[in-house]
Amino acid sequence: MNILVINCGSSSLKYQLINSDTEQWIAKGLCERIGIDGSQIVYQKAGGDKEVTVSPMPDHTEAIRLVLEALTNDKTGAIKSLSEIDAVGHRVVHGGEKFSSSTVITPEVIEAIKECNDLAPLHNPANLIGIDACAKLMPGVPMVAVFDTAFHQTMPAEAYMYGLPYSYYEKYKIRRYGFHGTSHSFVSKKMAEDMGKKPEDLKLIICHLGNGASVSAVKNGKCVDTSMGLTPLEGLIMGTRSGDIDPAIMEFIAHKENKSIDEVMTLLNKKSGVYGLSGDLSSDFRDLEDAYNEGNEKAIIAVKTFSYRVAKYVGAYTAAMNGVDGIAFTAGVGENCGLVRKLVCEYLGYLGVKLDEAANSKRGEDTVISTPDSKVCVMFIPTNEELAIARETLALTK
Ligand code: AMP
């Protein structure tokens, strides 16, 4: 089966056409600046070069139309006609408490996703536009919604409740939900497989460290805690997001800098994290690592503070699970930045973690970076959210 995976952001759209038999991508790319001047589509067929075409995209329907056109065009298309697309898998950011697993999209499911819009006002509406556009352009092709929040729905109340009046949970569903669930689920299964064990027999901590970053505690194959909350702002220090801070800082900054709540939110989401900590040097760990090695003080503070926060969560989740068998690093930073992995592992000696420095300097596929006598297995494992979405879509539509 050929499965088209769609990940709609507010002004962008990532896509991958995946052959579910080989689990390889056939074509993939990205539409950028949807609804903004200068929109362009990037398209790449397996074995071919990236093509960039500037083309007006007033909305997501036009973006998806261009994707389908690129996939089927005579010259560089990966398939002959749309009939070769058997199903579509959509990443949907917020499923609230309504969705604890992926689901085939029906009119009722669309209504239920809309009811979660309040919880993810920037993301869910864009996801719904993508679903609507595909339904119009490929009528009759089955579609599946795969939620970022679903994997975390197994968290117990003591992990997901905030210390706020209970009525806010009842009235507005204010609680911790967690994100990156597709990645945490994929990597935790992969780690169990790599360790030659069943997920049911393991206590794993997954550190998804990308531009957005979160940690999860996965006990017996089920998520029992994760660091993101009602929104993706909670938890780790990220590329540009602050992560956990004293909530009173918001009022303090608002008064000192004469800022509105919206402006403070923008500051915490877009100007903070390692970007803000490094004195606006960069949110990208490639730049930060270079600056760290050159002795740039703010870059050193940024990288160390980021790593310390990860180590603190590892400690907390070891306590939550009463032990840990494996720790996995994944996503852009987790897969590529040996420096961050080393700094995190330096805090974990009390768990019996021993880092194999030579293995930690490697890149590529799943790699064990702990020594054979380490009490906890530590690995880096490339995540593949698109493949995970394709697998879920296949399972629900075949
Ligand atoms: P993601 O959100 O998973 O795509 O991760 C993106 C982030 O990964 C970038 O902003 C970088 O901070 C980081 N990253 C990607 N490649 C490397 C690399 N080779 N070394 C260090 N960090 C990297």
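Each ligand, and each atom within it, is numbered from 1 in the order the structure gives. All of these numbers come straight from a predicted model, not from anything done at the bench.
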Review point. Between Gly212 and ligand 1, does any nitrogen or oxygen pair lie at a separation below 3.5 Å?
Key: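 No: no nitrogen or oxygen of Gly212 is under 3.5 Å from one in ligand 1.
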Check your understanding: Which is closest to atom 23 (C) of ligand 1 in terms of heavy atoms, Gly332, Gly210, Ser183, Ser283?
Key ->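 Comparing heavy atoms across Gly332, Gly210, Ser183, Ser283, the nearest one to atom 23 (C) of ligand 1 lies in Gly332.
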Point to revise | Proximal candidate to atom 9 (C) of ligand 1 [heavy atom criterion; set Thr383, Asn211, Asp284] | key: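 The option holding the nearest heavy atom is Asp284.
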Check your understanding: When rounded to the nearest 0.5 angstrom, what is the spacing between OG in Ser214 and CE in Met228?
Key ->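 Interatomic distance, Ser214 OG to Met228 CE, rounded to 0.5 Å: 5.0 Å.
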Point to revise | Protein non-hydrogen atom found under 4.0 Å from atom 19 (N) of ligand 1 | key: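 Yes, there is one.
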Review point. Val333 heavy atoms, cut-off 4.0 Å: which ligand 1 atoms fall inside?
Key: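 Per the distance check, 8 (O), 12 (O), 13 (C).
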Practice item. May I ask you to list the atoms of ligand 1 that are less than 4.0 angstrom from any heavy atom of Ala331? Key: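 Listed by number with element: 3 (O).
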Review point. What part of Arg363 sits under 4.0 Å from ligand 1 if we count only heavy atoms: the side chain, the backbone, both or neither?
Key: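 Just the side chain.
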Check your understanding: Taking all atoms of both residues into account, what is the closest heavy-atom pair of Leu30 and Lys14, and its distance?
Key ->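 Minimum heavy-atom contact is CD1-CG, 3.6 Å.
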Check your understanding: Which pair of heavy atoms, one from Cys134 and one from Val88, lies closest together, and at what distance?
Key ->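 Closest heavy-atom pair between Cys134 and Val88: SG-CG1, 4.2 Å.
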Practice item. Give me the one residue out of His180, His184, His94 that meets ring pair (Phe, Tyr, Trp, His ring centres under 6.0 Å) with His152. Key: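 Of all the options given, the one that passes is His184.
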Practice item. For atom 22 (N) of ligand 1, find the nearest protein heavy atom and state the residue, atom name and distance (0.1 Å precision). Key: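 Ranking protein heavy atoms by distance from atom 22 (N) of ligand 1, first comes Phe285 CB, 3.5 Å.
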Review point. Can you check whether Leu17 reaches Leu71 side chain to side chain, under 4.5 Å on heavy atoms?
Key: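 Yes, close enough: below the 4.5 Å cut-off.
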Review point. Do side-chain atoms of Tyr292 reach the backbone of Ile301 as a donor and acceptor pair under 3.5 angstrom?
Key: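 Not at all, since once roles are kept as given, no pair shorter than 3.5 Å links the two residues.
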